[in-house]
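The block underneath contains the structure these notes are about, expressed in structure tokens.
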Amino acid sequence: MLKTTPKEHFLVQIQFVEEKQEFSRFPTKTGRRSLSRSISQSSTDSYSSAASYTDSSDDETSPRDKTQINSKGSSDFCVKNIKQNEFGRREIEIAEQDMSALISLRKRAQSEKPLAGAKIVGCTHITAQTAVLIETLVALGAQCRWTACNIYSTQNEVAAALSETGVAVFAWKGESEDDFWWCIDRCVNTEGWQPNMILDDGGDLTHWVYKKYPNVFKKIRGIVEESVTGVHRLYQLSKAGKLCVPAMNVNDSVTKQKFDNLYCCRESILDGLKRTTDVMFGGKQVVICGYGEVGKGCCAALKALGAIVYVTEIDPICALQACMDGFRVVKLNEVIRQVDIIITCTGNKNVVTRDQLDRMKNGSIVCNMGHSNTEIDVASLRTPELTWERVRSQVDHVIWPDGKRVILLAEGRLLNLSCSTVPTFVLSITATTQALALIELYNAPEGRYKQDVYLLPKKMDEYVASLHLTTFDAHLTELTDDQAKYLGLNKNGPFKPNYYRY
């Protein structure tokens with residue numbers, strides 16, 4: 001039986017006490033951009049990510065060329081404008097109101113400081129909701145340095161608010177590809193500070209540390225990854241025998257996959273499309289590429305508003321699910337000339353090719369709901385015969401020689417966080433899961449986790465869910481002793497085996 005160390009005390013409370021109760025911005029001509037902004041200035045502002053107070057193009061000076069200092073005299077950050085921190089603080093306070101479970105976790109564990117000594121480097125979307133997570137990690141004893149996993153999703157005012165409190169943030173909305181990697185490097189490579197934990201979304205940070213700082217990578221105590229893309233990369237490293245640290249696959253935990261991936265995308269897909277295009281969905285022909293949890297959420301939302309929805313799939317099980325849910329499963333080439341909207345959510349690459357884009361009809365909309373920007377072959381559209389026209393923030397018309405226009409959103413990057421917002425409550429579920437995964441890996445005694453990829457323990461998944469039930473005034477039924485014995489379960493869980501599919 002494993003002995004419990006003092007740093008594991010908080011985890012023991014959870015498990016036992018609770019039982020008792022992508023990358024470069026395409027250049028546009030200055031004249032053209034000025035014209036489109038003068039036509040719809042107010043609209044453009046409203047389409048910036050998460051209702052950001054400032055459009056990324058308001059100040060053309062790169063943050064890398066500025067010298068900024070917060071009220072504490074620190075310059076160890078690089079954000080768009082540190083003076084926006086008060087606006088960002090209001091955004092964070094609003095987010096906290098709908099993240100009561102994460103705040104509850106913070107209050108319960110704050111005195112224990114289960115992350116004391118943890119030096120966490122993070123690469124995620126930097127939004128008000130993420131800020132609540134970061135400040136929770138700090139309250140639990142961690143030191144944090146943070147950068148963005150998407151060049152368009154950063155809320156500038158939130159990045160400023162975090163920097164004002166002393167968190168070293170290197171991110172701003174509208175980074176170039178060079179900026180993106182520079183920001184990651186600044187988080188990792190700093191004098192007198194070396195990370196011992198990684199929280200990643202997409203695997204770019206993990207890849208950078210692994211390739212450029214192998215000695216640092218070997219000393220990492222744990223990696224927490226929340227995306228399909230990043231998890232895939234971790235499993236590749238593990239299979240090749242190159243993963244020298246334990247990693248937690250949060251993406252496939254029930255509280256991430258069944259809530260963030262499904263319910264979040266079910267609502268945010270509509271938000272992103274409406275903000276960017278004002279499209280009416282009734283009667284539109286839409287292809288959803290991929291019928292995983294993200295695809296299921298997108299299909300349900302669009303079907304509910306009267307769209308005619310097709311699904312493409314490689315997996316016969318997911319394809320059968322789509323058929324049973326009332327969707328026609330097709331190959332993209334079979335419907336490419338007639339569809340109005342294509343949405344990718346596969347985690348793969350070249351799902352929509354240049355040949356298919358050439359055959360789409362005028363006015364078609366193409367966007368991506370997967371993490372990576374590889375699903376749509378955007379690079380093939382950057383050719384001399386095609387004209388790009390920026391009409392709104394994150395909205396480009398790609399114009400063919402015959403005058404045909406295809407509307408490309410967020411340059412093929414993640415639509416919802418690049419062009420709109422996501423529901424705060426569901427992000428509380430994911431953030432709580434991430435926090436517990438970090439606590440578990442950091443405090444685990446030597447030998448509990450080997451150099452491999454693990455799923456979050458089932459008991460912790462159930463704990464995260466239970467924290468969020470109070471929001472709905474939900475009351476769980478309790479097993480009697482006789483019922484628990486009949487089912488062969490502990491009365492307080494876990495209630496399902498690890499192989500159970502929810």
Side-chain angles (χ1 to χ4, degrees), residues 11 99 102 105-106 109 114-150 153-154 158-159 162 167-171 180 183-188 190 193-210 213 216-217 219-234 237 243 245-253 255-257 260 371 417 427-444 449 453-456 460 464:
L11 289 176
M99 300 180 79
L102 184 59
L105 176 67
R106 182 194 298 182
L115 290 175
K119 295 181 178 179
I120 303 171
V121 59
C123 182
T124 65
H125 301 283
I126 298 181
T127 63
Q129 296 83 9
T130 307
V132 179
L133 169 62
I134 295 170
E135 293 188 342
T136 297
L137 300 178
V138 172
L140 302 188
Q143 297 178 32
C144 295
R145 297 178 69 84
W146 228 263
T147 188
C149 67
N150 184 300
S153 64
T154 298
V158 171
L162 287 169
V167 177
V169 175
F170 293 83
F180 175 82
C183 287
I184 287 180
D185 194 70
R186 283 298 307 274
C187 277
V188 178
T190 184
W193 195 91
Q194 183 171 302
N196 53 25
M197 297 292 292
I198 290 175
L199 177 57
D200 210 354
D201 184 353
D204 290 318
L205 171 59
T206 301
H207 175 78
W208 187 261
V209 178
Y210 172 76
Y213 302 102
V216 173
F217 190 77
K219 295 177 182 177
I220 296 293
R221 294 175 62 168
I223 299 168
V224 174
E225 171 60 55
E226 74 151 305
S227 76
V228 172
T229 305
V231 166
H232 178 63
R233 290 177 174 181
L234 285 174
L237 282 176
L243 184 64
V245 298
M248 195 73 80
N249 169 7
V250 166
N251 180 71
D252 291 312
S253 65
T255 44
K256 166 65 166 63
Q257 190 176 82
D260 194 337
H371 174 84
L417 278 158
L427 290 188
S428 174
I429 301 174
T430 299
T432 306
T433 304
Q434 289 171 311
L436 287 176
L438 286 166
I439 293 169
E440 169 68 13
L441 279 178
Y442 184 68
N443 291 287
Y449 295 106
V453 185
Y454 294 85
L455 290 173
L456 195 72
M460 291 192 184
V464 171

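Here the side chain of Glu225 pairs a donor or acceptor atom with the backbone of Ser227 at under 3.5 angstrom. Judged by distance alone, with hydrogens and angles left aside, the side-chain atoms of Asn251 form no donor-acceptor pair with the main-chain N or O of His232 at under 3.5 Å. Checked by atom type and distance alone, the side chain of Asn196 pairs as donor or acceptor with a backbone atom of Lys119 at under 3.5 Å. Thr229 places no side-chain N or O within 3.5 Å of a backbone atom of Gly202 that could act as its donor or acceptor partner. Looking at Thr130, its side chain does come within 3.5 Å of a backbone N or O of His125 through a donor-acceptor pair. No donor-acceptor pair under 3.5 Å is formed between the side chain of Tyr449 and the backbone N or O of Glu440. With hydrogens and angles ignored, the 3.5 Å screen pairs a side-chain donor or acceptor of Asn443 with a backbone N or O of Ile439. Side-chain N or O atoms of Arg145 include none that pairs as donor or acceptor with a backbone N or O of Ala168 at under 3.5 Å. Between the side chain of Tyr442 and the backbone N or O of Ala116 there is at least one donor-acceptor pair closer than 3.5 Å. Checking side-chain atoms of Asp260 against main-chain N and O of Thr430 turns up no donor-acceptor pair under 3.5 Å.
Summarising the geometry, atom CG belonging to Asp252 is positioned 6.0 Å from atom CG belonging to Leu455; distances are rounded to the nearest 0.5 Å. Expressed to the nearest 0.5 Å, how far CZ of Phe217 lies from OG1 of Thr206 amounts to 6.5 Å. Rounding to the nearest 0.5 Å places CE of Met248 at 14.5 Å from CD1 of Ile198. Atoms CG and CH2, from Leu199 and Trp146 in turn, are 4.5 Å apart once rounded to the nearest 0.5 Å. A distance of 12.5 Å separates NE2 in His207 from CG in Leu234, rounded to the nearest 0.5 Å. The CG atom of Leu427 sits 11.0 Å away from atom OG1 of Thr433, with the distance rounded to the nearest 0.5 Å.
Counting all heavy atoms, side chain and backbone alike, Ala159 lies closest to Ala171 at CB-O, 4.1 Å. Taking both residues in full, the closest heavy atoms of Thr432 and Ser428 are given as OG1-O, 2.7 Å, listed atom of the first, atom of the second, then distance. Of all heavy-atom pairs spanning Ala431 and Leu133, the tightest one is O-CD1, 3.5 Å. Smallest separation of non-hydrogen atoms from Leu205 and Cys123: CB-CB, 3.6 Å. Listed here is the closest heavy atom pair of Met99 and Gln129: CE-O, 3.6 Å. For the pair Gly222 and Leu441, the tightest heavy-atom approach, listed with the atom from each and the gap, is CA-CD1, 3.9 Å.
At a threshold of 4.5 Å between non-hydrogen side-chain atoms, the residues Cys149 and Asp200 do not count as touching. Here the side chains of Ile126 and Phe170 are not in contact, with every heavy-atom distance at 4.5 Å or above.
Between Thr127 and the options Leu417, Val132, Val158, Thr154, a side-chain contact (heavy atoms from CB on, under 4.5 Å) holds for only Leu417.
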Task: Test side chain to side chain contact (heavy atoms under 4.5 Å, CB included) applied to Val245 and Leu243, step by step - done: CA-CA 6 Å; Val245 298; Leu243 184 64; 4.2 Å; yes
TODO: Decide side chain to side chain contact (heavy atoms under 4.5 Å, CB included) for Val453 and Leu237; before the verdict, give the C-alpha distance in whole Å, the side-chain angles of both, and the deciding distance to 0.1 Å.
DONE: CA-CA 10 Å; Val453 185; Leu237 282 176; over 6 Å; no
